[in-house]
Structures are given as structure tokens and as C-alpha cells.
Amino acid sequence: MKLLNSLGLESYKRNMHKKLLALAICVCTFGFVFSVQAQESVIGTQLKVSSDTIFLKRFRSERTQELVQLYQAQIEQYRLYEDQYITAKAEHKKLQTLSSLEQAVQATQRVMKSRAQVLITYFELLQASVDESQGIELVTKQRISDELTEEVNLLKAHLGRIEAAQDRDSLQVMTDEFELINENIQLRGYRALALLSISELQTVHDKSKLVLSDIQAYHKTSSPSAQTQARYNRAYLETERALLSANATLQKTAEEVAVDDRVTDRDSYTNTMNKLQPTFSQLKQVLGFLEELLRI
Amino acid sequence: MNQYNQDQTVFANQEPLLEDLEKVQSPLPEQPVEPKKPPKLLFIAAAAVLVLVASLAIIFLLQPKNPVATLPTPSPQTEIPVELTPLEARISSLEEDLDSADPTRLPFLLPPVDYEIVLD
């Protein structure tokens with residue numbers, strides 16, 4: 001009996017060890033997954049903050065900062081109304097009662113109003129940004145600014161009519177009206193956005209050119225030897241060549257956008273931005289050259 | 001061929017083997033039983049759990065307490081280290097401007113709203 005007992009105890013202990021080991025492995029696996037998720041969450045937060053910072057860096061004046069804050073509050077409100085609109089519309093489709101119709105009409109009107117408010121603020125923000133931008137020709141800047149003002153006025157009038165709409169038929173009229181307005185929203189909005197991106201690169205180009213001429217002046221004050229001066233000259237030439245090339249691409253793209261109406265929607269805007277990537281790299285190279293010039 | 005003892009008298013003197021197990025004596029002399037040491041595996045598992053708990057605690061401590069992104073106040077001038085010369089500072093500022101003007105990041109897009117709201 002003792003033998004059997006001792007055999008049973010040994011087996012029990014072995015089972016306990018196995019269970020403990022399994023438990024430890026489970027805890028480790030759970031902990032690993034949890035820690036990876038925690039790290040991903042931290043990285044995600046950092047990316048979000050970084051992305052927001054990049055977005056807001058473009059709006060530096062007090063006016064644009066105010067508009068950004070208003071826009072963010074309005075888009076949050078819009079999200080809420082959009083959810084209510086989706087729910088009310090689905091319920092009406094399912095129930096087909098007068099009450100569900102009433103709910104759906106009210107929710108649709110609310111979300112239409114909210115959308116118009118979001119777009120009005122966004123176009124005001126665009127207009128303010130265009131007005132403050134430095135790298136766009138004055139004539140083009142004025143034309144784009146006028147277009148954006150017109151768009152804001154159209155949206156405000158549309159908002160007034162939505163507020164006056166009382167039934168589903170009037171809301172249907174508003175849907176049709178917005179379809180027409182939307183064509184201009186896409187065209188004018190993306191055109192302004194493309195020009196803003198070009199203007200930012202153009203500003204970097206113009207300022208880099210000024211820095212180059214200041215570096216040249218600084219080098220002259222140090223009375224370099226003939227050999228060093230020859231080295232400087234070769235470096236100036238390469239930097240000027242890169243600047244010229246970047247400027248030519250920027251001018252050509254700006255003309256395509258402002259005069260030839262190449263940007264009409266999101267796809268054409270994205271294509272234009274992709275075309276600007278080599279210019280962006282070239283300007284990066286120019287800044288590298290300028291840093292090197294200071295170290296020669 | 002038979003390997004067993006054929007003498008039946010010897011067999012009669014013998015007691016049945018399984019009648020009293022307690023009388024069966026172990027061929028080896030009894031030794032004091034030493035307490036068994038816990039297996040190494042248990043130590044390894046415990047160490048793994050400890051390391052895990054410690055790493056989790058470090059991760060939680062390193063996590064920012066307020067992760068919600070807030071609106072930064074506008075800063076017209078970028079922070080420039082003191083040791084930079086004016087020309088170096090200008091180039092550094094231009095680098096920051098260029099980074100925020102990266103055309104492929106596309107932070108500028110039209111608002112993410114439903115452009116086809118319709119009741120029916």
C-alpha cells in the first residue's frame with residue numbers, strides 16, 4: 001500500500017509541475033501579447049501626435065489656428081450626426097412608419113447642415129492659407145482666393161436653404177443641389193490644396209537661394225586661397241544647378257494647376273503631389289549642399 | 001531442467017509470500033530519506049514570470065500619462081540650439097519647413113464627410 005501511495009504521490013507531484021509549467025507559459029504568452037499591444041499603443045499615440053503636429057504646423061497665424069479649432073469641433077459634431085442619420089435611415093427602411101420617417105427626415109436635415117458648416121469652415125481655412133502663402137504669383141493667388149470666397153458663399157446659401165427645408169421632398173432638392181455644388185468643391189478645393197503645396201516648396205526654394213547668396217558673401221569675407229575659391233565655385237555651381245532645376249519643375253507644375261486646370265479631383269491632386277516628389281528630394285539635396293558649403 | 005527446488009519439505013516450512021507484506025524485508029538497508037529539491041524547471045518558470053512582471057511594470061511606467069493629442073500653441077519661431085551660427089540656423093529652419101511641405105504626406109485633403117447624403 002505504501003508503495004502504491006508513494007507511486008501516486010510521485011505522479012501527483014509530476015502532474016503539479018507540469019501544470020505549473022503550463023501556467024507559467026500561459027502567463028508569459030499573455031504577458032508578451034499584452035506588452036506588444038501596449039507598445040503598439042504607445043507608438044500609435046506618438047504617430048498620431050506627430051501627424052497632428054505636422055498638419056497644424058502649416059497653419060501658423062492666429063486666424064488659421066482659430067479656424068482649425070473650429071473645424072475640429074465641427075467635424076466631431078458631424079460624426080455624431082452622421083451616426084444618427086445612418087441609424088435613422090436604416091430604421092425607416094426597416095419599419096416604414098410615419099414616426100421612423102420623421103426621425104429620418106430630422107436626422108438627414110441635421111447631418112446636411114453639419115456637413116455644410118464643416119465645408120464652410122474648411123474653405124475659409126483654405127482661403128486664409130492661400131492669402132497668407134508666399135510662393136504663389138499674386139494674380140494666381142487672387143484668382144484662387146476669389147474662387148474660394150465664391151465657394152464659401154455658395155455653401156452658406158445652401159446651408160440657409162437646408163434650414164428652411166421642412167419635408168423629405170425639400171431635402172431631396174437639397175441633395176440634388178449639393179451634387180452640383182460638390183463638383184466645384186472638389187475642383188476648387190483640390191486646386192487650392194495643390195497650389196498650397198507648391199507654394200510651400202517654392203518658399204523653401206526662394207529662401208535657399210537667399211541663403212546661398214549669403215554663404216557666398218560670407219566666404220568672400222574670409223579671403224580664401226585660389227584653390228579653396230575654385231572649390232567654392234564648383235560647389236556654388238552644383239547648388240545653383242539643383243536650385244534651377246527645382247524652380248523649373250515648380251513653375252511648370254504651378255502653371256499646370258492654375259492655368260491648365262490639371263487638378264480636378266482627389267486622384268489628379270494625388271498624381272500632381274507624386275510628381276512633386278523629385279523636386280522635394282532635390283530641395284533636400286540643396287539644403288545638404290548648403291550645410292556642406294558652410295563646412296568647407 | 002526444472003530450475004525450482006524439488007524438496008517439498010522445504011516448501012512446507014515456508015510461509016506464503018503475499019499473506020503479510022509487512023514482513024517482507026527490503027534487500028537494501030533503510031537510509032534516511034532526504035527532502036527532494038524542487039526541479040530546475042520550476043525555478044526557470046518562476047524567473048520568467050518575474051522578468052515578465054518587471055518588464056510590464058517598466059512599460060506602464062514609460063507610457064505617457066496623457067496620450068490625447070492636444071492643439072499645440074502656434075510657435076512662429078522654431079527652437080534653435082544656441083551653438084548654431086545664424087546661417088546654420090536658417091538652414092535648420094528651412095529643413096523643418098521642407099519636412100512639413102513633403103507633398104507625398106498629403107495632410108491636406110478635403111474633409112472626410114459623406115458627399116452623397118440622401119434620404120431615400
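Because only heavy atoms are used, hydrogens play no part in the values below, and waters and symmetry mates are left out as well, while side chains stay in. Just so we're on the same page: letters track the sequence lines, and every chain starts at 1.
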### Message
Is the shortest side-chain heavy-atom distance between A:Tyr78 and B:Asp114 below 4.5 Å?
### Response
yes
### Task
Determine whether B:Leu119 and A:Tyr85 make a side-chain contact, defined as any pair of heavy atoms from C-beta on separated by less than 4.5 Å.
no
### Message
Can you tell me how far apart CD1 (A:Ile181) and OH (B:Tyr115) are? Round to the nearest 0.5 Å.
### Response
12.5 Å
### Summary
Rounded to the nearest 0.5 Å, the CG atom of B:Leu94 sits from the NE2 atom of A:His205 at a distance of 11.5 Å
#### Entry: pair A:Leu294-B:Glu88: side-chain heavy atoms closer than 4.5 Å
yes
### Query
Tell me, do B:Arg90 and A:Leu210 make a side-chain contact under 4.5 Å, heavy atoms counted?
yes
### Message
Counting C-beta onward and ignoring hydrogens, is there a side-chain heavy-atom pair between B:Pro103 and A:Asn274 closer than 4.5 Å?
### Response
no
### Task
Against chain B, label A:Ile75 side chain, backbone, both or neither, depending on which of its atoms sit under 4.5 Å from a heavy atom there.
side chain
### Summary
Interatomic distance, CG@B:Leu110 vs CG@A:Leu193, rounded to 0.5 Å, equals 6.0 Å
### Summary
Rounding to 0.5 Å, atoms CD (A:Glu291) and CG (B:Leu87) come to a distance of 11.5 Å
## Note on the structure
Per-residue tally against chain B (heavy atom, under 4.5 Å) across A:Ile185, A:Ile215, A:Asn182, A:Leu276 peaks at A:Asn182
### Message
If you count heavy-atom pairs within less than 4.5 Å of chain B, which of A:Arg79, A:Glu179, A:Gln109 leads?
### Response
A:Arg79
### Query
What residue, out of A:Thr279, A:Leu171, A:Thr203, A:Leu201, has the most heavy-atom pairs lying under 4.5 Å from chain B?
A:Leu201
### Message
In the structure I gave you, are the side-chain heavy atoms of B:Leu109 and A:Arg266 within less than 4.5 Å of one another anywhere?
### Response
yes
### Message
Would you compute the distance between atom CD1 of B:Ile91 and atom CG of A:Leu212 and round it to the nearest 0.5 angstrom?
### Response
9.5 Å
### Query
Checking heavy atoms, do the side chain of A:Lys207, its backbone, both or neither come under 4.5 Å from chain B?
both
### Query
So which of A:Val111, A:Asp176, A:Ile198 has the largest heavy-atom pair count under 4.5 angstrom toward chain B?
A:Val111
### Message
Less than 4.5 Å to any heavy atom of chain B: does that hold for the side chain of A:Lys284, its backbone, both, or neither?
### Response
both
#### Entry: Part of A:Glu82 within contact of chain B (heavy atom distance under 4.5 Å)
side chain
### Query
Measuring from B:Ser92:OG to A:Leu290:CG, what's the distance to the nearest 0.5 Å?
12.5 Å
### Message
Taking the side chain as everything from C-beta on, heavy atoms only, tell me whether A:Thr175 gets closer than 4.5 Å to B:Glu116.
### Response
no
### Task
State, with a plain yes or no, whether a side-chain heavy atom of A:Met174 is found less than 4.5 Å away from one of B:Ile117.
no
### Message
For chain A, which candidate among B:Val51, B:Val118, B:Val53, B:Ile44 shows the most heavy-atom pairs at distances under 4.5 Å?
### Response
B:Val118
